[in-house]
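This report concerns only the one structure given below.
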Number of protein chains: 2
Amino acid sequence: MFKPEDDMSSGAPKHMKDRHQEILDAAARVITERGLAETRISDIAEQAGVSPGLILYYFDSKDRLLAEALTYANDQFYLRTSREIRRLGSAKEQLRRLIDLSVPGYLPEYGRLDEWALWIEVWVRALRDPETAKDREVLDQRWRAQISDIIRIGQASGEFVAGDADAFALPIAALIDGLAIQVIMNDSTVTAERMHRSCMEVAAHVLGFALEPADLVGQSAGA
Amino acid sequence: MFKPEDDMSSGAPKHMKDRHQEILDAAARVITERGLAETRISDIAEQAGVSPGLILYYFDSKDRLLAEALTYANDQFYLRTSREIRRLGSAKEQLRRLIDLSVPGYLPEYGRLDEWALWIEVWVRALRDPETAKDREVLDQRWRAQISDIIRIGQASGEFVAGDADAFALPIAALIDGLAIQVIMNDSTVTAERMHRSCMEVAAHVLGFALEPADLVGQSAGA
DNA sequence: CAGTTCCCTGAACACCCGTTCAATCCATCC
DNA sequence: GGATGGATTGAACGGGTGTTCAGGGAACTG
């Protein structure tokens with residue numbers, strides 16, 4: 001993804017859907033790089049390879065664009081993990097994979113997992129912007145639902161203990177959030193491996209399954 | 001604290017230390033209210049009851065001021081909780097009190113505990129500003145040390161199981177972080193009470209102590 | 001009581017950036 | 001192939017805001 005498509009040197013009009021998405025993509029990339037506060041319309045235009053005027057042709061205002069871009073980027077992350085996880089057989093494998101994908105920089109094939117940086121931007125914005133606050137709640141509930149769905153599967157198969165799956169999911173989700181922040185901040189005492197281990201341990205504890213040595217091996221891409 | 005001091009109508013020069021601190025206080029309040037991105041020098045000046053020019057007389061630039069204000073505010077929170085906790089007898093009580101103080105809005109006497117909002121601002125800024133990144137790491141390590149100190153006390157007294165106190169503290173700190181974010185966001189499914197309960201349960205689990213019914217009663221101010 | 005130093009003000013400056021808009025380009029259709 | 005309409009540009013406008021600065025004024029010093 002994220003190909004600049006050099007061949008569209010100048011002219012080359014696109015249909016609205018394409019441009020809309022292209023601009024959102026460009027915006028998400030710029031926000032990830034420079035942060036929401038330092039993101040200018042001209043940056044997004046440059047990243048998308050168009051003129052600044054065109055950005056405002058597709059979006060009512062900079063503010064609207066930023067809001068849309070944030071939820072759009074989180075959507076992408078959700079869809080990717082969701083697709084990956086559905087493939088796996090056991091609930092324990094699914095949970096493990098979800099944690100793999102949530103630890104910034106744990107899997108080499110996915111860069112630094114900068115989606116977390118976007119999450120923090122969403123949080124800051126949601127504190128004051130009701131629109132963003134609404135979106136955030138939906139996004140966050142989906143994130144927790146992804147975990148509780150796995151838990152329910154594991155309960156049905158007997159891998160996990162019985163109980164309120166949503167109640168089990170909350171601390172696991174929050175723990176991942178809290179640790180991911182530290183890892184993305186490059187905290188010297190909270191490495192990716194340590195985060196992964198801690199998440200697995202607490203999950204095993206809460207859900208009542210045994211940790212096998214293989215669960216704690218770093219950097220495995222899973223089967 | 002936070003008295004406007006109406007009587008210093010115009011003249012009334014203050015000594016540098018005072019003004020420095022006053023401006024930091026004012027800045028912290030404005031940032032909490034409006035957010036880092038929407039904080040203008042004129043806002044801070046107004047809040048402090050001085051002219052915009054004076055702000056730049058005491059601080060080299062707006063950026064420096066903001067950076068200082070953020071760590072200053074976090075310092076205040078640390079000092080307050082630290083002072084409160086030291087009074088208590090048992091480690092379990094200390095831990096419980098720490099959690100009380102960390103749950104936004106749990107204790108009526110402390111407003112909404114908006115220090116958490118400042119934390120998020122620190123995180124966003126630390127992603128790009130090395131100076132802030134350094135401060136954040138110190139602040140965060142102190143936050144975790146506060147927890148591991150309590151754990152060590154409890155281990156010495158036999159209240160908690162033996163083990164690496166720092167390793168125990170990490171998930172507890174991260175869980176508090178992750179849940180506090182949800183609570184401060186006014187997430188409809190993560191109430192202050194639920195956060196409190198979840199933190200106590202995980203702590204009890206990790207540290208191997210039994211939860212008594214009294215530990216789960218809401219809003220108690222402790223002894 | 002002059003002189004010096006520091007605190008403080010508020011207006012002016014300069015720059016940055018979101019937004020607007022008239023003009024241009026390019027498909028597509030008649 | 002001329003006309004129509006949407007897509008695109010880039011320059012210009014305008015508001016907002018960080019920073020500077022010349023000056024006023026209070027306290028302290030000798």
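All chains are named by letter (A, B, ...) in the order of the sequence lines, taking the proteins before the strands, and each is independently numbered beginning at 1.
- Closest to the side chain of Tyr57(A), from the set dC8(C), dT9(D), dG6(D), is dG6(D).
- Residues forming a salt bridge (charged side-chain N to carboxylate O under 4.0 Å, His left out) with Arg194(A) (at least two apart in sequence, or on another chain): none.
- Here Tyr72(A) pairs with nothing under the ring-ring contact (aromatic ring centres under 6.0 Å, His included) rule; sequence neighbours left out.
- Residue Arg96(A) forms a side-chain contact (heavy atoms from CB on, under 4.5 Å) with just one option from Leu98(A), Ile99(A), Asp100(A), and that option is Asp100(A).
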Any protein N or O atoms within reach of nucleotides 18-23 of chain D? Criterion: under 3.5 Å, listing atom names and distances.
residue, atom, partner, partner atom, Å
dG18(D), OP1, Lys62(B), NZ, 2.9
dG18(D), OP2, Ile41(B), N, 3.0
dT19(D), OP2, Lys62(B), N, 2.8

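- Rounded to whole angstrom, the span from the CD1 atom of Ile55(A) across to the P atom of dT9(D) amounts to 9 Å.
- Rounded to an integer number of Å, the gap from NE2 of His20(A) to C1' of dA7(D) is 14 Å.
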N/O donor to acceptor pairs below 3.5 angstrom from side-chain atoms of residues 164-179 of chain B, sequence neighbours left out:
residue, atom, partner, partner atom, Å
Asp164(B), OD1, Asp166(B), N, 2.9
Asp164(B), OD1, Ala167(B), N, 3.2
Asp166(B), OD1, Ser148(B), OG, 3.3
Asp177(B), OD1, Trp143(B), NE1, 3.3

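- Atom CZ in Arg19(A) sits about 17 Å away from atom P in dG6(D), given to the nearest Å.
- Residues meeting the salt bridge (charged side-chain N to carboxylate O under 4.0 Å, His left out) test with Arg40(A), sequence neighbours left out: Glu38(A), Asp43(A).
- By the salt bridge (charged side-chain N to carboxylate O under 4.0 Å, His left out) test, Glu131(B) pairs with no residue at all, sequence neighbours left out.
- When the C1' atom of dT9(C) is taken as reference, atom OH of Tyr58(B) falls 13 Å away, rounded to whole Å.
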